[in-house]
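Letters A, B, ... are given to chains in the order of the sequence lines, protein chains preceding strands, and every chain is numbered from 1.
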Amino acid sequence: MELQQETNKQFVQQRLNYFRYPVLLIFLILVARLWQLQIIQGSEYSLKAENNRVRTIELTAPRGAILDRNQVSLAEHRSSFTVLLYRESIKDPDATILFLAEKLAVNPEDLESKLRSSRETGLYRPIVVKEVAGMEDISIIEAHRRDHPEIQLVPEPRRLYPYGRLAAHLLGYVGEVTEEELDGKEFPGAEAGSLVGKSGIERIYNELLAGQKGQRLVQVDSLGREVGLLDEKHPVVGGSIRLTLDLKLQSVAEKALEGKVGAIVAMDPRNGEILAMASAPSFDPNAFSTRLSHKDWNALLEDPDHPMQNRCIQNSYAPGSIFKLILAEAGLQEGILGKNTYVTCTGSAEYYGETKNCGDRNGHGRIRLEEAIAKSCNIFFYELGRKLGISKIAEHAAILGLGENTGVDLPGERSGIVPSPEWKKKTLGEPWYPGETISVSIGQGAVNATPLQILRTVSVLANGGDVVTPHLLLDAEYGPKEPEWPVRHVPINEDTVRRIHEGMWKGVNVAGTGYNAAIAGIDICGKTGTAQVVSSETKKRFPGAGDDHAWFVGFSSKENPEIAVVVFVEHGGKGGTVAAPLAREIFASYYKRGN
Amino acid sequence: MDRRLLLGFDWLWLLTLLALSGAGIVAIWSTTDGTSLDSYFGKQVIYLCCALAVFLVLLYFDYHVFSDFIVFIYAAGMVLLVLVLIIGVSIHGNKSWIDLGFFSFQPSEVMKIIVIIALAKYYSRLEGEYLGLKELFWGGLIVFIPMFMVVLQKDLGTAVTFLPIYGVLSCLAGIQKKHIVFLVIVVAIAAPLGWFSLQGYQKGRIVNVLNPSSDPYGLGYQSRQSEIAIGSGKFLGKGFKQGSQGNLGFLPARHTDFVFAVLAEERGFVGSITVLGLFLFLSYRLFRTAREAKDKVGMMIVTGVMTLLLFHMTINIGMVEGLLPILGIPLPFVSAGGSALITYYAAMSLCMGVWLRRYVN
C-alpha cells in the first residue's frame, strides 16, 4: 500500500515538472509587454500622459478700441463666453451630444460636421461648440461641470461696433486669421485661431490694436477640473487708437447717402485729416464678430451694389467736369490763360470732325475762366485742352496728385488713371488720337479717379500747393503720438489759386452749377461734375441704362479753407442737383457746431 | 513545535511576501489621500499585520489537520456562501461580502483555498496512474458547486479562478487525453452559452481587448489610461506621488485592480520587473515545495495555491498591461483589500507548512 502510493507520487512529480515551461512563458510575455510599453514606447506614452494632465488655455488679449477724434468709441471689445468641447475628456459621446443638443441648443448636425472636420487635429485641441454663450448656457454648464467635464467655458473678448453700419468700410471688421494669411506672414505675431483685422483700420493698424495673447498651463484631473497652475503668461491688452474722424460729421454723411449708392469724404485740406468718410451701401461689421453664416456671406458678396466696397478709395470713376479744375490750373500755370483771355461759346463746336456740345446749348457767349468754371462751360475747356495738349494735361494732373495712390492709411486703394500717349501705347498698344484730348479736357474718356483723389487734388488747389496725405490715424496708445504724414509741395502761383477760387466761389454763390451747395454767410467754393457713363447715343436708345455719375467737390471758406468735401453718387444724375445738396449738408453740419 | 521546523523556516520566502505587500502599501500611500488608520494606507497596514498574525498562527497547525477535516470545513464554507446570498451586501455590484461591522469579509476568497484542499485531498487518495471519468466528475463537483454559488453573487472574476484550479490539479492527478478532448468539447459548447449570459459591459470588455482602438472613449478608456500610466513610467519611473495618471484620477481603481499601473508609472520598468521578479521567486519556492512535499496531498495543495496565485497575477497584470480583458481581479499581496490579503497569507502559511513538514512523519 505504502509502496504503491509512492509509485503514484512519482507520476505526479513528473507531471509537476512540465508546469515550469508555461509559467516561465507567462513571465516572459508580461516582461516583454512591459519592455514594449515602458522602454520602446515610453516617450510616446509620456507625451500622452502630459496631454492628459496639462491643458493649455489660451488667453485672448482684448483688442484696443477705435475712437473718433473726440474719444467716442467706434469699435470696442466686450467680454463674452465661448463654449468649448475637449474631445479627450469625453466619456460617453452619446451623452455629450445629447447634452449639447438638449441643454445648449447646439444643432447636432453642425456639431457632427465640426467633429468630422477636426478629426485630424490633436484631441487636446478644443472645438468651439457655441460662439456666444448666454447667461442661461453659462449656468447650465456650471451646474453640470461634474457630469460633463469635457464642456468648458472660456471667456473671449469680442468686437463690438456700437454704431453698426456707420463708417463700416473704414473701420473694417475682424475675423479669425486664415491659413493663407499665416503663410504670407501678413500679421506678425498671429497664430492659428488669432483674431485679426480683415479690412479697413482694423487691418492696417492690426498690430497696434491686437495686443499679445497670454496662456495658462494648468494641470487637470480626469474630470477636467483644474487642480494646479503650472505656468501663466498674462495677455497684453491691445492699445486704443484715435481717428481723425468726427462722429457727428460722419453721421451726417452716412445719412446723406441713405438709399443711394455713392461716397462722401470730408477732409481738412491743410493737413489731410479725414473728418468723414462714408460709402454706401454699407454693411454691419458686428455680423463678422460671430462666425458669419455661409448664406449671409454670399449675400454680401453677390449684392450687385457691392456693399463691401469702400467707394471712396476702392473704385475709380470718370471725374467729369471736376477735371476742368486741373485744366484751369494747367492753363494758368502754363500762361495760356491771361487776365483777359476769352473764349466764345456758341453751344457747340467741331473738333477733329466731331461736333461737341456745351451743357448750355444756347451757348455762354464770350466767357472768361472764372465764369467757365462757375457755369462749367465745355467749349471753354475743349479749347483750353486743345491748346495745352494731352502731355501738359497729364503732367499737371500728376502734379496735383492724380494717377497715384493718395497714401491713405487704408488697405486696397485704387490709383485711378491719368491718360497720356505713353500710357495708351503701353496699355492698349494704340496711338493717341487728338480727339481724345478733347474728351479728357472735360473729364471723360480714359481719365478716372477715386473720390478721395479728387478731394486731395482740390485740397491742393484750396491750400495753395500742398499735396497732403489723407489719413485717419490721429494718435495711438501704443504707437506714434504724432504720426508724420508726408506733404509734397508743388509750385502754384498765387494768381492761379486766386482765380480758381474765384471761379469755384462763383460756381456756388453766383448763378453757377453748384448753387445747391450754397449756405448764406459762408463762402463755399465748389465744382460740380456729371460724368457720362455711356455715350449720349446709347442712352437715347436705352433710356435708364447707366445714368450719369453725379459729382461735387468743394471747400470752405474761400479765404480760410479748413474743410474740403467730395460727394459722389453713382448713376445719380446731375452733379448740381444730386451731389451739391449733399455737400451742403456736410458744410452746414460742420459750421453749425461753430468750427 | 518541533525545533527542526523552526530552523527550517524560510525567511527569504516571507521577506518576498513582505516586499510585495510593502510595494503595494507604498503605491497605495502614493496614490490615495491620507495616512490615518482610516485611510486606504492605514487600513492596508492593519490588514498586513492581521495577515502576518494569521500566517504565523496557521504555521503551527499541520496541514493534515485541514485536509483530514476538510469535509466539515468545506461544509462550513458552503454555509457561508449560502449565507452571503441571503445577508450579503453589495460592493461594486458584487453581492459577495458579509459585513462584520469592523470588516467586510468575502467568503468566496476563503472558499478558493478550501476548494484547493478539498480537491487535493480527494485526488491524493486515488491510487491509479490516471484519473477515471468518475473521479474527474466528482472532482469537478467539488469545484463547480461553490463556483456556481459565486456566479450567483455576480462575482464573475472570482468565479473564473476556480477553473484553473480544477484544470491544473486534474492534470497533476493524471487526466487522460481522451478526457481532455471531452472537456474541450464541453467548453466549446458551454462558451457560446456563457457568452450570451454575459452582461453587456462584460462582452464589451472582451471585444475591446481584441480591438482597443474601436472605442477610445468607451470601455477602452480604462485600458488606454492604464497603458499610458505604465508607458509614461519609462525606465526609472516618475517617483513617489509623482504619477499624474494615478494621482489625477485618470487610472480607474488605482489602489485596487490597477495598483500595478501606479507602481509601473512611479517606479518605472525597474520597479515593475522587480515586482515580477518577486512573483517569479515566489513561484519557484512554491514549485520547490510542491516537488519536495512529503505526500501527494501536500504536493497538490501547494500546486493548487501556486495555480491560484499565478492565475491572479497573470490576469491582473495582463489586464493592466492591456493584454487581457478587464476582470475585477486584484493583484495578490499588492492590491488594497483585506480579505484577499489575509487569504493569501493563510495560503502561503499552508504552503510553508508543507515545506517545513516535508521530512516529518
Side-chain angles (χ1 to χ4, degrees), chain A residues 1 4-20 22-24 26-54 87-94 96 123 150 219-225 227-228, chain B residues 123-124 126-130 168 171-174 215-218 221 224-225 227-235 237-238 243-245 247-252 264-265 268-269 272-273 276-277 279-280 283 287 290-293 295-296 299-300 303 306-307 310 313-314 317-318 321-323:
Chain A
M1 176 76 195
Q4 200 188 359
Q5 204 194 358
E6 202 59 39
T7 324
N8 182 292
K9 192 187 164 194
Q10 285 298 325
F11 293 129
V12 176
Q13 251 170 354
Q14 271 170 19
R15 291 183 197 115
L16 184 64
N17 282 335
Y18 292 125
F19 290 139
R20 286 182 296 194
V23 169
L24 282 174
I26 286 169
F27 275 96
L28 213 64
I29 291 170
L30 293 180
V31 171
R33 176 67 171 167
L34 281 177
W35 178 269
Q36 185 199 2
L37 289 176
Q38 298 191 292
I39 307 300
I40 298 173
Q41 298 179 314
S43 306
E44 195 182 308
Y45 279 113
S46 287
L47 198 70
K48 284 186 180 174
E50 282 301 289
N51 288 342
N52 259 351
R53 172 180 87 95
V54 180
R87 284 167 294 165
E88 59 182 353
S89 304
I90 295 177
K91 282 184 179 148
D92 180 353
D94 294 336
T96 302
L123 279 182
E150 71 277 13
Q219 172 155 303
V220 293
D221 67 7
S222 59
L223 296 175
R225 286 176 303 206
V227 291
Chain B
Y123 278 161
S124 66
L126 306 174
E127 290 171 4
E129 188 182 343
Y130 289 104
V168 168
C171 284
L172 205 62
D215 182 17
Y217 293 118
Y221 180 81
R224 202 172 69 104
Q225 295 302 338
E227 281 170 36
I228 292 173
I230 296 174
S232 64
K234 294 168 111 174
F235 188 67
K238 300 177 186 173
S244 59
Q245 287 290 103
N247 282 312
L248 296 174
F250 292 103
L251 270 181
E265 185 183 18
F269 183 68
S272 16
I273 58 162
L276 278 175
F279 274 114
L280 186 63
S283 308
F287 182 77
R291 213 178 43 201
E292 297 188 11
D295 48 18
K296 281 201 296 182
M299 185 185 284
M300 286 192 175
T303 310
M306 183 170 76
T307 304
L310 284 175
M313 184 207 76
T314 308
I317 297 183
E321 289 182 357
L323 295 171

- Note on the structure: Scanning both residues in full, the closest heavy-atom pair of Phe269(B) with Val31(A) reads CE1-O, 4.2 Å
- From Phe287(B) atom CZ to Leu16(A) atom CG, the distance as rounded to the nearest 0.5 Å: 4.5 Å
- Can you name the nearest heavy-atom pair linking Ala49(A) to Lys238(B), along with the distance? CB-NZ, 3.9 Å
- Message: Quick check on Phe279(B) against chain A: is it the side chain, the backbone, both or neither that has a heavy atom closer than 4.5 Å?
- Response: both
- Query: Hey, mind stepping through Gln36(A) and Glu227(B) against side-chain contact (heavy atoms from CB on, under 4.5 Å) and telling me if it holds?
  - Reply: CA-CA 11 Å; Gln36(A) 185 199 2; Glu227(B) 281 170 36; over 6 Å; no
- Leu24(A) versus chain B, the contacting section by heavy-atom distance below 4.5 Å: side chain
- Euclidean distance, Leu37(A) CG relative to Leu323(B) CG, rounded to 0.5 Å: 8.0 Å
- Item | OG1 on Thr303(B) to CZ on Arg15(A), rounded to 0.5 Å | 12.0 Å
- Region of Glu321(B) in contact with chain A, defined by heavy-atom distances below 4.5 Å: both
- Task: Rounded to the nearest 0.5 Å, what's the gap from NZ on Lys48(A) to CD1 on Ile228(B)? Could you check?
- Result: 6.0 Å
- Met313(B) and Leu30(A): which non-hydrogen atoms are nearest, and at how many Å? CE-CD1, 3.8 Å
- Query: Among Met300(B), Met306(B), Arg291(B), which residue forms the greatest number of heavy-atom pairs with chain A at distances under 4.5 Å?
  - Reply: Arg291(B)
- Message: Which heavy atom of Lys9(A) sits nearest to which heavy atom of Ala293(B), and what is that distance?
- Response: NZ-O, 2.8 Å
- Across all chains, not counting sequence neighbours, the ring pair (Phe, Tyr, Trp, His ring centres under 6.0 Å) partners of Phe19(A) are none
- Item | Largest heavy-atom contact set with chain A, pairs under 4.5 Å, which of Val168(B), Ile317(B), Leu280(B) | Leu280(B)
- Applying side-chain contact (heavy atoms from CB on, under 4.5 Å), run through Leu276(B) and Leu34(A) and close with a yes or a no. CA-CA 10 Å; Leu276(B) 278 175; Leu34(A) 281 177; 3.6 Å; yes
- Task: Heavy-atom distances under 4.5 Å only: say whether Gln14(A) touches chain B with side chain, backbone, both or neither.
- Result: neither
- Message: So, taking the atom named NZ in Lys234(B) and the one named CD in Glu44(A), what distance separates them when rounded to the nearest 0.5 Å?
- Response: 11.0 Å
- Message: Show, in sequence, the C-alpha distance, side-chain angles and deciding distance for Phe27(A) and Leu310(B), and conclude whether the side-chain contact (heavy atoms from CB on, under 4.5 Å) test is met.
- Response: CA-CA 10 Å; Phe27(A) 275 96; Leu310(B) 284 175; 3.8 Å; yes
- Of Ala264(B), Ser283(B), Gly233(B), the largest count of non-hydrogen pairs under 4.5 angstrom with chain A goes to Ala264(B)
- Okay, Val23(A) and chain B: the region with an atom under 4.5 Å from a heavy atom over there is side chain
- Task: Look at Ser272(B), Ala290(B), Gly318(B), Ala229(B) and state which one has the largest set of heavy-atom pairs under 4.5 Å with chain A.
- Result: Ser272(B)
